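Data block below; observations after.
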Amino acid sequence: QVQLAESGGGLVQAGGSLRLSCAASGGSFSGYTAGWFRQAPGKAREFVAAITQWGGSTYYLDSVKGRFTISRDNAKNTVYLQMNSLKPEDTARYYCAARSGALVFRRGSEYAYWGQGTQVTVSS
């Protein structure tokens, strides 16, 4: 099993940037597909981005393409989400998730491991 811990959230003005980190512990991180999800109050959890085990493929929510970049450093057991050109509608709690294996899913139910989340608030 793997434990995940997010960091890097905060308050930022529209147009600004944040870099979220997700530190994994409990095993070889290369064995896991990783993703980022977000959830705003009163809304369903939403897929944001995912990355394959060795970083060869990435997938994004359409509304964040060109603004967000997911990456990973397996040597550091860490996955990142670089968020640029932030908009107020990006405001949410962001969660790191992982699943054992190579398959990528956009459904949160497919991911067995979750962090506690980190709050991102974008002011207008």
Side-chain angles (χ1 to χ4, degrees):
Q1 301 209 340
V2 64
Q3 291 184 313
L4 307 175
E6 304 94 334
S7 62
L11 176 64
V12 65
Q13 290 185 323
S17 298
L18 286 173
R19 190 191 196 198
L20 307 184
S21 297
C22 173
S25 61
S28 176
F29 196 50
S30 64
Y32 298 86
T33 294
W36 288 94
F37 293 78
R38 66 188 183 186
Q39 188 167 26
K43 292 188 175 182
R45 180 175 54 195
E46 181 180 41
F47 170 83
V48 176
I51 188 166
T52 51
Q53 293 170 307
W54 295 96
S57 297
T58 56
Y59 305 84
Y60 297 94
L61 176 68
D62 284 345
S63 64
V64 309
K65 288 181 179 178
R67 299 190 297 120
F68 291 9
T69 303
I70 187 171
S71 62
R72 67 192 296 163
D73 186 341
N74 289 338
K76 296 181 178 179
N77 288 343
T78 303
V79 62
Y80 305 95
L81 186 68
Q82 178 67 46
M83 304 185 295
N84 298 326
S85 301
L86 282 162
K87 304 174 181 179
E89 51 262 46
D90 295 317
T91 295
R93 191 165 185 86
Y94 284 71
Y95 297 88
C96 179
R99 65 179 308 280
S100 180
L103 296 180
V104 171
F105 294 92
R106 304 176 90 92
R107 295 173 293 181
S109 61
E110 299 288 349
Y111 294 79
Y113 307 104
W114 294 82
Q116 294 296 308
T118 185
Q119 180 67 35
V120 172
T121 302
V122 184
S123 62
S124 60

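The model shown is predicted, which means the values in this text are computed figures rather than measured ones.
The shortest heavy-atom contact between Y60 and A49 is CD2-CB, 3.7 Å. The two residues P88 and A14 have their closest heavy-atom pair at CD-CB, 4.1 Å.
Proximity of R38 to V64: side-chain heavy atoms (C-beta onward) are separated by under 4.5 Å at one or more points. At least one side-chain heavy atom of T33 sits less than 4.5 Å from a side-chain heavy atom of Q53. For the pair V104 and S57, the minimum side-chain heavy-atom distance is 4.5 Å or more. Residues C96 and W36 are in side-chain contact: their nearest non-hydrogen atoms beyond the backbone lie under 4.5 Å apart. Using a 4.5 Å heavy-atom threshold, the side chains of Q119 and L11 count as separate.
If you take CZ on R106 and OH on Y111, they are separated by 9.0 Å, rounding to the nearest 0.5 Å. For the atom pair CZ (R93) and OG1 (T118), the distance works out to 6.5 Å, reported to the nearest 0.5 Å. In this structure, the separation between CZ on F37 and CG on L61 is 10.5 Å, given to the nearest 0.5 Å. Here the CZ atom belonging to R67 is positioned 6.5 Å from the CG atom belonging to L86, to the nearest 0.5 angstrom. Here Q82 contributes atom CD and F68 contributes atom CZ; the two are 9.5 Å apart, rounded to the nearest 0.5 Å.
With respect to K87 and D90, no salt bridge is recorded, no charged nitrogen being found less than 4.0 Å from a carboxylate O.
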**Request:** Evaluate the side chain to side chain contact (heavy atoms under 4.5 Å, CB included) criterion for residues Y95 and L4: first the C-alpha distance (whole Å), next the side-chain angles of each, then the deciding distance (0.1 Å), finally the verdict.
**Result:** CA-CA 9 Å; Y95 297 88; L4 307 175; over 6 Å; no
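When hydrophobic residues (I, L, V, M, F, W, Y) are linked wherever their side-chain heavy atoms come within less than 4.5 Å, Y80 remains an isolated member.
Using a 4.5 Å cut-off between side-chain heavy atoms of Ile, Leu, Val, Met, Phe, Trp and Tyr, with links allowed through other members, L103 and Y113 fall into different hydrophobic clusters. Residues V48 and V12 fall within the same hydrophobic cluster, defined by Ile, Leu, Val, Met, Phe, Trp and Tyr side chains chained together at heavy-atom separations under 4.5 Å. Hydrophobic clustering (ILVMFWY, side-chain heavy atoms < 4.5 Å, transitive): Y59 and V79 are in distinct clusters.
Panel note: side chain E6, backbone Q116; a donor-acceptor pair is recorded below 3.5 Å.
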Donor-acceptor list for residues 15-29 side chains, cut-off 3.5 Å, not counting sequence neighbours:
residue: S17; atom: OG; partner: N84; partner atom: OD1; Å: 2.9
residue: S28; atom: OG; partner: S30; partner atom: OG; Å: 3.0

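More than 12 non-hydrogen atoms from other residues, nucleotides or ligands lie less than 6.0 angstrom from CD of E110.
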